[in-house]
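What follows is a short report on a single structure.
Start at 1 and go down the list; that is how both ligands and their atoms are numbered.
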Amino acid sequence: MNAASFEALTVESMGQRLGGLAAVRARLGDDPSTWRTREVGDGNLNLVFIVEGDRGGLVVKQALPYVRLVGESWPLPLKRSFFEYNALTRQAKRAAGMVPEVFHFDEAQALMVMEYLSPHVILRRALIDGRELPNIADDLALFMARNLFRGSDLGMDTRARKADLALFADNVELCDITENLVFSDPYFEAELNAHTTPQLDGIVAQLRGDRDLKVTAQRMKHLFAARAETLVHGDLHTGSIMVTDEDTRVIDPEFAFYGPMALDVGMLFSNFWMSYFSQSGHEAGGGRAAMQTYLLGVLERCWAGFRTEFSRLWRTERNGILYQKSLFEDRGDVLGAEQALDEVLHEMWVDLLGFAGIEIHRRILGLAHNADFETIEDPEIRARCETKALLFGRQIAVNRARIHSMTEANALAALIETGAAT
Ligand code: SR1
Ligand code: MG
């Protein structure tokens, strides 16, 4: 990619920059001077614009050569846009209808023109507002099971999988962000860390002195770095999901790489648990009790739905090199295949608890925080919510091999939330 030719888009230059593209004019209208553009990006890394014309709207996303959250002092390669584009095209095939359609990709300018999802909102925002979305558990279960299974040696031709493994292996800098910000920085006094202070100072010191927790975090980092199992989204949080009551879409897979299956599931579940612990900060006096029950229900249903779909794919699409049918079903050993499935799912469960616990910690102790907690203005109230989440994160990560079901994990969350466990 020729970085010299890169030019950041602006609201003013949009018509001139994209007006020559037939695919764009077809969706907005032929006269770029009538297009209305606004910058809406509130993420940590990129520029995002909504462009509207007489015929409809589009989203234009462009990577910047640095981390937007921090500034030009932290350079970040434009090639992340290439990985995002390639991940989106694969996800569109593996879980149809669950990612935005891409109409145009310009690798040199690191920009993508995509479907404008409207009236969708960011899932995290909806959950902060106390809105119960009826379909997210089922939809996200299907999205994860289909992508994780179909991108692995369980479902994919191994030559194609190895080619993809090599392609995404170059997403080094985005993996480096996760390796540091998620798995290491929260557990020492890293420069960019921040937490609610002085309220959390005590528990932060306690967690940083917790040997079992540090070993767990490094074990999860080990899996992240070494288990190139499937094409993961890599940053699957509730800010990477757009919703209406009927529709669920997953966006922003720029962190995609070949990693452990449990990563996406653990990250997503951690965000539902963080939402659970933040609810009392958004409405006092038990006003969010029903919302909390809903969130624990989403976790139960999503994990159950994931298992069901993953098991269906295991029985019907297991055509890769792993656990070949020639060793099991073709020899009449259906139970052998089921035994292997149970082992794979069990290991995924244990690992996802580890990833979930560590992800909770980094969102409270590291650089990139969650609006779930950040929008709680009173620091005393915010710290009370964050403390509970931190305790829960520690409990599920360190004890991941001793928690046997989502019902048990949710019961732990409820014990901590009610103050019965501290
Ligand atoms: C410096 S980037 C910080 C965070 O933003 C992204 O959304 C990822 O979650 C990353 O860890
Ligand atoms: Mg993102």
Side-chain angles (χ1 to χ4, degrees), residues 39-49 59-88 91 99-100 102 110-112 114 117 120-125 140 143 171-187 190-195 217 220-221 224-225 232-243 249-257 259 263-272 274-275 355-356 358-374 393:
E39 215 264 301
V40 295
D42 61 355
N44 295 329
L45 300 178
N46 308 299
L47 292 172
V48 183
F49 300 88
V59 163
V60 181
K61 179 172 179 179
Q62 187 179 37
L64 288 166
Y66 54 86
V67 175
R68 184 179 178 164
L69 174 69
V70 176
E72 295 185 33
S73 60
W74 186 340
L76 199 62
L78 298 172
K79 67 184 178 188
R80 65 186 187 273
S81 184
F82 169 84
F83 297 115
E84 177 166 0
Y85 170 70
N86 277 284
L88 279 171
Q91 291 166 348
V99 295
V102 180
L111 76 81
M112 244 181 304
M114 291 181 283
L117 299 172
H120 298 63
V121 294
I122 293 286
L123 175 57
R124 191 189 304 290
R125 189 68 252 169
L140 292 168
F143 175 83
N171 203 4
V172 179
E173 291 79 4
L174 281 274
C175 286
D176 175 79
I177 287 180
T178 307
E179 284 149 10
N180 289 304
L181 292 192
V182 177
F183 296 106
S184 289
D185 287 7
Y187 303 104
E191 199 188 331
L192 295 172
N193 282 348
H195 64 259
M220 302 324 295
K221 184 175 182 175
F224 177 91
V232 295
H233 178 285
D235 196 26
L236 190 55
H237 53 74
T238 48
S240 297
I241 297 164
M242 298 195 70
V243 290
R249 304 288 190 101
V250 177
I251 62 172
D252 279 0
E254 66 202 314
F255 283 77
F257 76 112
L263 178 77
D264 283 351
V265 194
M267 275 203 176
L268 179 67
F269 288 179
S270 77
N271 276 263
F272 290 133
M274 282 188 272
S275 178
F355 287 122
I358 302 309
E359 172 71 5
I360 291 174
H361 287 169
R362 76 94 168 208
R363 292 294 188 186
I364 298 171
L365 309 179
L367 166 71
H369 286 214
N370 270 1
D372 308 63
F373 296 119
E374 292 302 291

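Residue D42 qualifies as open at atom CG: its count of foreign heavy atoms under 6.0 Å is 12 or below. For Y85, the OH atom sits in a loose shell: 12 or fewer heavy atoms of surrounding residues, nucleotides or ligands are nearer than 6.0 Å.
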May I have a table of the N/O to N/O pairs between ligand 1 and the protein that fall below 3.5 Å, each row giving the two atom names and the distance to 0.1 Å?
from, atom 1, to, atom 2, distance (Å)
ligand 1, 5 (O), N44, ND2, 2.7
ligand 1, 7 (O), D235, OD2, 2.8
ligand 1, 9 (O), D235, OD1, 2.8
ligand 1, 9 (O), D235, OD2, 3.2
ligand 1, 9 (O), R362, NH2, 3.0
ligand 1, 9 (O), R363, NH2, 3.2
ligand 1, 11 (O), R362, NH1, 2.7
ligand 1, 11 (O), R362, NH2, 3.4

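Under a 4.0 Å N-O distance rule, the pair D185/R362 does not qualify as a salt bridge.
Applying the side-chain hydrogen bond (donor to acceptor under 3.5 Å, both in side chains) test to H233 and every residue at least two apart in sequence or in another chain returns nothing.
Residue T238 holds its OG1 atom at 7.5 Å from CE of M274, rounded to the nearest 0.5 Å.
Among F255, F257, F355, the one residue that satisfies the ring-ring contact (aromatic ring centres under 6.0 Å, His included) test with F224 is F257.
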